[in-house]
Amino acid sequence: MKLSDLLKGIKTLEVVGSTDVEITGVNIDSRKIADGHLFVAMKGTQVDGHKFIPKAEELGAVAVLLEDMPEEQKEGVTYVKVASTEDAVGPVATVFYGRPTEKLKLVGVTGTNGKTTIATLLYNMFRKMGHKVGLLSTVCNYIEDEAIPTDHTTPDPIELNMLLARMVEAGCEYAFMECSSHAIQQKRIGGLKFQGGIFTNLTRDHLDYHKTFENYRDAKKLFFDGLSKDAFAITNADDKNGMVMVQNCKATVKTYSVRSMADLKARILECHFEGMYLDIDGREVGVQFIGRFNVSNLLAVYGAALMLGKSPEDVLLVLSTLKSVSGRLDPIRSKEGVTAVVDYAHTPDAIINVIQALRDVMNGKGTLITICGCGGNRDKGKRPIMAQEAVKASDKVILTSDNPRKEDPEAILDDMEAGLTEDQKRNVLRITDRRQAIRTAAVIAKPGDVILIAGKGHEDYQIIGDVKHHFDDKEEVRAAFGL
């Protein structure tokens with residue numbers, strides 16, 4: 001593809017060299033540059049890509065998209081100056097990969113909690129309905145059956161467009177995607193055309209990056225501000241920020257609720273560990289999920305499927321067959337009748353929701369033991385709040401290590417304990433070793449009790465320093481139970 005064609009969708013400030021050159025690849029990582037590539041020099045939060053322009057040229061870059069012209073310019077290389085490479089890289093990448101989102105229907109899911117569940121359930125639902133589908137999620141990316149491991153909730157714009165192009169090549173008609181606040185603010189989804197967007201909820205998270213809750217909220221809102229008038233937006237009317245998200249949205253807006261008036265309504269008729277019996281818009285359906293928050297998730301899935309042209313009857317039929325996403329309220333039962341539940345809950349609101357879901361099923365019987373921690377090198381402000389919420393709603397709490405990363409695990413637990421009164425601390429055990437914490441809970445639990453292991457869910461590793469060590473909560477529970 002000619003460089004001139006790649007530049008048609010962006011505003012250039014200065015061009016040095018010819019744009020009549022053939023571009024064979026686009027990259028923001030200088031180490032991946034090969035002959036004929038365009039190197040995009042990004043000013044990242046950690047490193048300035050402009051420092052790697054000489055390396056990219058050495059490896060064969062024939063063009064560089066940048067914000068600051070270098071003093072020395074290599075002969076045969078074209079330099080394209082723009083106001084912001086962060087703004088330009090998405091549109092350039094989507095053109096290079098053939099505008100894939102104009103050839104399939106892409107739906108984005110954003111919010112603090114529920115993104116993975118909703119995106120994955122939509123992926124599974126539309127596959128069961130006979131469609132070819134792609135998924136971009138925290139757990140794993142999928143092109144139909146092909147699993148593509150991921151390290152980020154949302155890939156960079158170039159990898160993202162490459163994956164979407166591969167979905168188109170595989171015949172996918174739909175793609176469902178988690179859109180993190182980082183990805184929205186960093187323009188990783190720039191240039192993509194969304195058929196629809198879903199807002200789940202908004203609670204405290206990622207303030208280590210966004211600094212204030214308002215910045216975090218506004219990053220999410222940008223996604224809905226960018227939807228076109230022929231798209232749809234589905235928002236949670238039960239969340240106080242639900243209508244804020246869509247106040248400047250040009251798309252067709254639908255609301256969902258389990259508590260108030262909305263376009264899409266649901267209520268719980270019965271609840272057991274095996275699942276719930278629900279009324280959704282006047283139709284009764286059995287589902288293999290528990291928890292009021294999961295009713296909200298299922299309503300969002302239901303609404304999106306309707307907006308994509310499916311009938312209520314077909315959607316509810318498939319909904320009744322779907323199972324929970326890995327690491328989301330995953331139950332494991334011991335031979336003695338103790339139930340352990342592994343869940344990804346790692347925010348105060350998520351802890352509240354999961355514990356309430358378990359309390360609803362327990363119906364006043366048994367003891368609830370909660371194991372939780374907080375990740376290192378992340379928002380420190382939520383640590384005392386996490387501990388407070390866990391202690392308030394549980395019968396006993398074990399504070400333990402999560403992914404400490406480069407922080408001292410003991411210091412993280414100190415931050416959590418700082419949110420507790422002396423009376424509350426009497427009901428709390430502090431066991432830094434996560435394996436030992438799980439084993440201790442298994443020992444003290446009696447038949448009929450429930451153990452919640454929160455924070456890591458689907459993750460099969462623990463990050464200590466810069467190293468990922470294998471650690472799977474579900475494996476540890478089974479070992480502790482002797483299964």
Report yes or no: does T400 contribute a side-chain atom to a donor-acceptor pair with the main-chain N or O of T432 at less than 3.5 Å?
yes

How about I198 and L122: do any of their side-chain heavy atoms sit closer than 4.5 Å?
yes

With distance as the sole test, does N403 use its side chain to make a donor-acceptor pair with the main-chain N or O of G375 at under 3.5 Å?
no

Is there a donor-acceptor pair under 3.5 Å between the side chain of T101 and the backbone N or O of K193?
yes

Is the shortest heavy-atom distance from the side chain of L160 to the side chain of M177 under 4.5 Å?
yes

Atom CD1 of I143 and atom CD1 of I148: how far apart are they, to the nearest 0.5 Å?
3.5 Å

Mind running side-chain contact (heavy atoms from CB on, under 4.5 Å) on T78 and V16 for me, showing each step along the way?
CA-CA 6 Å; T78 302; V16 176; over 6 Å; no

Kindly write out the residues that satisfy side chain to side chain contact (heavy atoms under 4.5 Å, CB included) with E22, not counting sequence neighbours, or none if the list is empty.
K2

So do the side chains of P348 and I385 get within less than 4.5 Å of each other, counting heavy atoms only?
yes

Do the side chains of K468 and D460 get close enough for a salt bridge, i.e. N-O under 4.0 angstrom?
no

Looking at D473 and R434, is there a salt bridge between them, counting it only when a charged N and a carboxylate O are closer than 4.0 Å?
yes

State which residue, out of L452, L399, V341, fulfils the side-chain contact (heavy atoms from CB on, under 4.5 Å) condition with T370.
L452

Are R430 and E410 close enough for a salt bridge, meaning some N to O gap below 4.0 Å?
yes

Without hydrogens or angle criteria, can the side chains of T110 and K220 be said to hold a donor-acceptor pair below 3.5 Å?
yes

Can you measure from CE (M162) to OG1 (T94) and round to the nearest 0.5 angstrom?
13.5 Å

Nearest 0.5 Å please: distance from the NZ atom of K406 over to the CG atom of D466.
4.0 Å

Can a donor-acceptor pair be found between the side chains of H458 and R328 at a distance below 3.5 Å?
yes

Flag, side chain of N241 to backbone of V244, donor-acceptor distance under 3.5 Å:
no

So, for L299 and S257, which heavy atoms are closest and what is the spacing to 0.1 Å?
CD1-O, 3.3 Å

Reported OH-to-CG distance for the pair Y256 and L298, which is rounded to 0.5 angstrom:
10.5 Å

side-chain hydrogen bond (donor to acceptor under 3.5 Å, both in side chains) assessment of K474 paired with S326:
CA-CA 10 Å; K474 289 184 281 187; S326 174; 3.1 Å; yes

Check ion pair E407-R378 (N to O, under 4.0 angstrom):
no

Criterion side-chain contact (heavy atoms from CB on, under 4.5 Å) on I351 and I355, from CA distance to verdict:
CA-CA 6 Å; I351 280 280; I355 290 177; 3.7 Å; yes

Closest heavy-atom contact between F289 and L322?
CE1-O, 3.4 Å

Sub-3.5 Å donor-acceptor pair from the side chain of N141 to the main-chain atoms of S137, do we have one?
yes

Does the side chain of N294 come within less than 4.5 Å of T117's, by heavy atoms?
yes

For residues 20-69, which residue pairs qualify under ring pair (Phe, Tyr, Trp, His ring centres under 6.0 Å), counting only residues two or more places apart or in two chains?
none

In terms of heavy-atom contacts, does CZ of F223 have more than 12 from other residues, nucleotides or ligands at under 6.0 Å?
yes

So, T200 side chain and N113 main chain: donor-acceptor pair closer than 3.5 Å or not?
yes

For R405, does the CZ atom sit with more than 12 other heavy atoms under 6.0 Å from it, leaving out its own atoms?
yes

Hey, could you give me the CD/CE distance between E173 and M167, rounded to the nearest 0.5 Å?
13.5 Å

Between D156 (side chain) and E159 (backbone), is there a donor-acceptor pair under 3.5 Å?
yes

Whether K456 engages the ring of Y461 as a cation-pi pair (distance to the six-membered ring centre under 6.0 angstrom, angle to the ring normal within 45°) should be assessed.
yes

Does H346 offer a backbone N or O that forms a donor-acceptor pair with the side chain of K382 under 3.5 Å?
yes

Between E178 and R188, does at least one N-O distance fall below 4.0 Å, as a salt bridge requires?
no

Which atom names give the shortest non-hydrogen contact between V26 and L6, and what distance separates them?
CG2-CD1, 4.3 Å

Got I158 and F96 here, is their nearest side-chain heavy-atom distance under 4.5 Å?
no

Quick one: closest heavy-atom pair of V82 and K11, and the distance?
CG1-O, 3.6 Å

Counting N and O atoms only, with roles assigned by atom type, does the side chain of D314 sit under 3.5 Å from a partner on the main chain of K310, one being a donor and the other an acceptor?
no

Check the pair E459, Y344 against side-chain contact (heavy atoms from CB on, under 4.5 Å), reporting the backbone distance first and the verdict last.
CA-CA 8 Å; E459 293 177 354; Y344 190 53; 3.8 Å; yes

Flag for Q462-H469: side-chain donor and acceptor within less than 3.5 Å:
no

Quick test of your reading of the model: are K254 and D263 salt-bridged, counting only N-O distances below 4.0 Å?
no

Please determine whether a side-chain nitrogen of the Lys or Arg among D29 and R31 lies less than 4.0 Å from a carboxylate oxygen of the Asp or Glu.
yes

Residue pair Q195 / M307, side-chain heavy-atom distance below 4.5 Å
no

Quick one: closest heavy-atom pair of A437 and I431, and the distance?
N-CG2, 3.7 Å

When rounded to the nearest 0.5 angstrom, what distance separates CG in N201 from NZ in K115?
8.5 Å

For D218, enumerate each residue passing the side chain to side chain contact (heavy atoms under 4.5 Å, CB included) test, keeping only those at least two apart in sequence or located in another chain.
none

Note, L136 side chain near F176 side chain (heavy atom, < 4.5 Å)
no

Any side-chain donor paired with an acceptor under 3.5 Å for S228 and D230?
yes

Short side-chain to backbone donor-acceptor contact, T24 and D35, under 3.5 Å:
yes

Between G108 and C179, which heavy-atom pair has the shortest distance, and what is it?
CA-SG, 3.9 Å

Check: F126 ring centre within less than 6.0 Å of Y174 ring centre:
yes

Given T85, which of E67, K187, K43 fulfils the side chain to side chain donor-acceptor pair (under 3.5 Å) condition?
E67

In plain terms, say whether K74 and E57 are close enough for a salt bridge, that is, a side-chain N and a carboxylate O under 4.0 Å apart.
no

Report yes if the side chains of Y123 and L121 come closer than 4.5 Å at any heavy-atom pair, otherwise no.
no

Could you check F224 against T235 for side-chain contact (heavy atoms from CB on, under 4.5 Å), going step by step and ending with a plain yes or no?
CA-CA 10 Å; F224 295 94; T235 190; 5.9 Å; no

